[in-house]
2 protein chains.
Amino acid sequence: MKRPTISDIAAEAGVSKGAVSYALNGRSGVSEETRQRILTIADRLGYQASMAARALAGTRARVIGMALPRPPATLGIEPFYMELISGLEAELSLHGYGLLLQMVPDESEEITCYRSWWRESRVSGVLVCDLRVRDRRVKALGEVGLPAVAIGPPSAAGSLASIWSDDGVSMIEAVEYLAALGHRRIARIGGIPQLAHTAIRTDAFLAVGRRLGLAATIASTDYSAEDGARATVRLMEMAAPPTALIYDNDIMAIAGLSAIREAGLSVPGDISIVAWDDSPICPLLDPPLTALTRDIGAYGRHAARLLLAAVQGAGVKDVHDEPALLTPRGSTAPPRVSDETAV
Amino acid sequence: MKRPTISDIAAEAGVSKGAVSYALNGRSGVSEETRQRILTIADRLGYQASMAARALAGTRARVIGMALPRPPATLGIEPFYMELISGLEAELSLHGYGLLLQMVPDESEEITCYRSWWRESRVSGVLVCDLRVRDRRVKALGEVGLPAVAIGPPSAAGSLASIWSDDGVSMIEAVEYLAALGHRRIARIGGIPQLAHTAIRTDAFLAVGRRLGLAATIASTDYSAEDGARATVRLMEMAAPPTALIYDNDIMAIAGLSAIREAGLSVPGDISIVAWDDSPICPLLDPPLTALTRDIGAYGRHAARLLLAAVQGAGVKDVHDEPALLTPRGSTAPPRVSDETAV
DNA sequence: GATCGTTACTGAACCGAGAAAGTACGCCAG
DNA sequence: CTGGCGTACTTTCTCGGTTCAGTAACGATC
């Protein structure tokens with residue numbers, strides 16, 4: 001099969017290529033009558049402009065690039081990325097944009113990847129995930145001038161526009177909820193400390209802990225199930241162990257649940273647990289996990305809109321999405337009475 | 001920043017664009033000395049060929065397209081796709097290929113998507129997932145002549161080369177294992193019946209059930225947690241309910257586990273369960289799920305290799321990957337004695 | 001009725017590569 | 001000394017769009 005080109009249409013309509021281009025792009029320079037004739041022919045021929053030719057001629061390639069941190073044993077399990085991509089893609093394809101995906105092992109490779117994309121004119125913009133506290137990618141993207149939007153707090157996004165939800169208020173909500181149940185010793189099993197949102201959650205956790213006069217402990221992990229379980233065990237071995245745990249993702253919460261049971265304790269009888277980012281699995285577990293829920297798909301859609309605006313050269317400003325809300329389920333309950341007063 | 005082109009290199013080396021093109025593509029027509037000089041300059045300038053220009057000139061776009069069925073509430077949870085994409089991408093980026101992702105709501109839209117990709121010269125090949133029993137996509141792809149490789153049984157792939165693992169032998173292994181434990185009434189909670197691999201699993205399930213003289217029941221679902229739970233409840237309400245269940249994915253197995261507990265029964269005491277496709281969550285549950293394990297990443301890598309060969313016009317033949325192997329864990333045990341003899 | 005402005009186009013250049021055809025030169029054989 | 005051939009290039013064309021500089025036709029204006 002041969003694909004129809006702009007010249008085919010021009011020949012059939014008896015006009016020049018230029019006229020066809022004007023007609024198809026809705027620009028002035030052709031009469032309404034001619035435009036309609038050209039559009040009809042284009043439609044009949046099933047014409048679609050070649051992206052390669054279009055990109056070469058200087059118009060945008062209509063592709064958005066996204067580099068994903070290669071699985072630190074977690075990418076595949078957390079539904080976060082798939083849901084994000086799903087929302088992202090829904091909005092992009094609405095505007096005829098494609099999504100180019102690439103897995104990268106580390107930050108340097110990611111920067112190399114962006115440089116390559118730019119030099120090859122592969123993408124018209126990129127979406128940056130997992131902002132770090134001091135993120136080298138921001139500067140690198142600025143240097144090549146590739147339009148970009150970051151997912152994460154504006155404080156870490158530097159010159160890039162960012163889309164974010166306030167993890168601080170969600171953390172406060174979770175801690176206040178646990179405190180209201182009567183918990184006095186709580187711990188946070190956080191993700192990779194270098195990530196900007198991890199830092200924000202940690203700060204909020206410590207601040208609200210101080211305000212409420214709680215014993216607040218923090219453990220850092222790489223988001224993996226193993227690390228989550230290890231951290232849980234360490235916390236349970238403390239002299240005055242926490243009675244409630246807040247995990248930074250659901251896979252660690254599940255691993256933690258399993259570790260707690262192995263230690264002969266029960267959830268929520270002995271220990272309450274909360275997972276960050278609700279997944280369809282959370283309500284199915286025994287007990288169902290109390291979780292911080294947010295609409296990740298919407299997050300992706302908003303990110304796409306912001307990025308498309310940036311690609312089109314519009315001045316874009318940070319977008320603040322809804323924060324995650326607490327969904328209380330069976331994994332949280334008041335602590336045993338003996339624990340209630342001690343700190 | 002301006003990106004360096006082939007002309008920049010030509011100017012700097014004092015030769016023509018043509019010579020540079022020969023040198024960079026390792027073709028004859030330039031002296032070894034000139035080639036080295038050109039390569040050095042290209043390297044210093046950080047040159048990479050523009051994909052747009054390359055694609056336009058007829059060489060391949062070095063992009064592989066993949067259309068994903070939009071979440072029937074399951075895409076995000078099952079780690080299958082993410083792991084597949086991860087393996088796929090690892091191999092593709094090794095060869096300088098990108099992966100273009102698109103979510104599609106149904107088969108017609110998917111075909112429309114392929115046609116668009118082809119007309120726009122967006123991709124050099126596509127990977128087709130979730131083969132159906134009679135798959136319209138096979139014919140559509142053949143019509144436009146877009147190189148394609150299917151993931152699924154060759155019987156459904158028609159003219160497309162396919163990469164597959166024999167789900168039949170895995171099913172036989174699982175059923176024989178349950179029969180060896182003493183189960184006589186087993187059920188399969190299958191996925192979408194139209195999918196080719198679902199049909200293969202079902203056929204194998206029934207065949208081995210007959211051979212071993214078991215009461216073998218089948219339920220069909222859309223892979224969602226809700227459907228999995230519903231099917232489980234229906235099966236438990238049978239006059240002579242099954243003592244072992246084989247789920248087509250882990251999310252349904254988890255939902256089933258929850259439904260069984262709600263009915264006041266225990267796993268594996270009253271009912272044994274097996275999940276297809278092991279995920280990092282399976283071993284963490286209580287009890288840990290017995291699962292059919294396979295290396296999905298390798299599956300993706302092999303698919304990528306096959307597709308790259310197809311794109312380069314090599315004659316490709318079907319590739320048979322390792323079948324999933326049973327990983328016995330705590331969710332399977334012999335049935336209660338009272339159940340053992342009855343059929 | 002000459003001038004101006006607008007509309008509706010045409011023709012050609014251009015983007016950055018690949019590929020084919022053309023050319024200059026050196027070398028060797030007859 | 002000429003013809004033929006291979007090497008090492010250069011020139012030119014092409015891919016399929018976009019864009020810009022013309023230009024012909026026409027109506028309005030002074």
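The analysis underlying the following values was restricted to heavy atoms, covering all of them including side chains, and did not include hydrogens, waters or symmetry mates. Keep in mind that this is a model prediction, so the values were computed, not measured. Reminder, nothing fancy here: chain letters follow the sequence lines and each chain counts from 1.
Residue B:L307 holds its CG atom at 4.0 Å from CD1 of B:I64, rounded to the nearest 0.5 Å. For the atom pair CG (B:L24) and CD1 (B:I38), the distance works out to 7.0 Å, reported to the nearest 0.5 Å. With values rounded to the nearest 0.5 angstrom, A:I9 atom CD1 is found 10.0 Å from A:R44 atom CZ.
Side chain of A:S16, nearest nucleotide from C:dG18, C:dA17, C:dG11: C:dG11.
Other residues, nucleotides and ligands place more than 12 heavy atoms under 6.0 Å from the CD atom of B:Q312.
Distance CG (B:D8) to C1' (C:dC15): 13 Å, rounded to an integer number of Å. Distance, B:R27 CZ to C:dA19 C1': 6 Å, rounded to whole Å. For A:Q36 and C:dA8, the CD to P distance is 14 Å, given to the nearest whole Å. The distance between atom CG of B:N25 and atom C1' of C:dG16, rounded to the nearest whole Å, is 13 Å. Atom C1' of nucleotide C:dG18 and atom CD1 of B:I9 are separated by 14 Å, given to the nearest angstrom. If you take CZ of A:R122 and P of C:dG16, they are 17 Å apart, rounded to a whole angstrom. Whole-Å rounding puts the A:L56 CG to C:dG18 C1' distance at 12 Å. Nucleotide C:dC15 holds its C1' atom 16 Å from the CZ atom of B:R54, rounded to whole Å.
Within the 4.5 Å cutoff, side-chain heavy atoms of A:L68 are placed close to those of A:I85. No side-chain heavy atom of A:R119 sits under 4.5 Å from any side-chain heavy atom of B:L45.
Nearer the 5' end of DNA chain D, as judged by each residue's closest nucleotide, is the contact made by B:G29, out of B:G29 and A:Y47. Taking the nucleotide of DNA chain D with the nearest heavy atom to each of B:A53 and A:V20, the more 5' of the two is matched to B:A53.
For the OP1/OP2 pair of C:dC9 and a distance below 4.0 Å, the side-chain nitrogens and oxygens of A:T34 include at least one atom meeting the criterion. Applying the 4.0 Å criterion to OP1 and OP2 of C:dT7, one finds that A:Y22 has every side-chain N and O outside that range. Remark: B:S50 is not in phosphate contact with C:dC15, judged by side-chain N or O atoms under 4.0 Å from OP1 or OP2.
A:V15 comes within 4.0 angstrom of sugar-phosphate atoms only, judged by non-hydrogen atoms across all strands, and of no base. Residue contacts shown for B:G58 are absent, as no nucleic acid heavy atom lies under 4.0 Å away. Backbone-only contact: B:A49 has heavy atoms under 4.0 Å from sugar-phosphate atoms and none from a base. As judged by a 4.0 angstrom heavy-atom cut-off over every strand, B:R119 is placed among residues making no nucleic acid contact. Contact annotation for A:T5: backbone-only contact, meaning every heavy-atom pair under 4.0 Å involves sugar-phosphate atoms and none involves a base.
On the nucleic acid side, DNA chain D contacts chain A at distances under 4.0 Å to non-hydrogen atoms, with the end points of that region at D:dG16 to D:dC20.
Just one residue in the list A:I6, A:N25, A:T5, A:D8 forms a side-chain contact (heavy atoms from CB on, under 4.5 Å) with A:V20, and that residue is A:I6.
Taking the six-membered ring where the residue is Trp, A:Y299 and A:F80 present perpendicular rings, their angle passing 60° and hence far from 30°.
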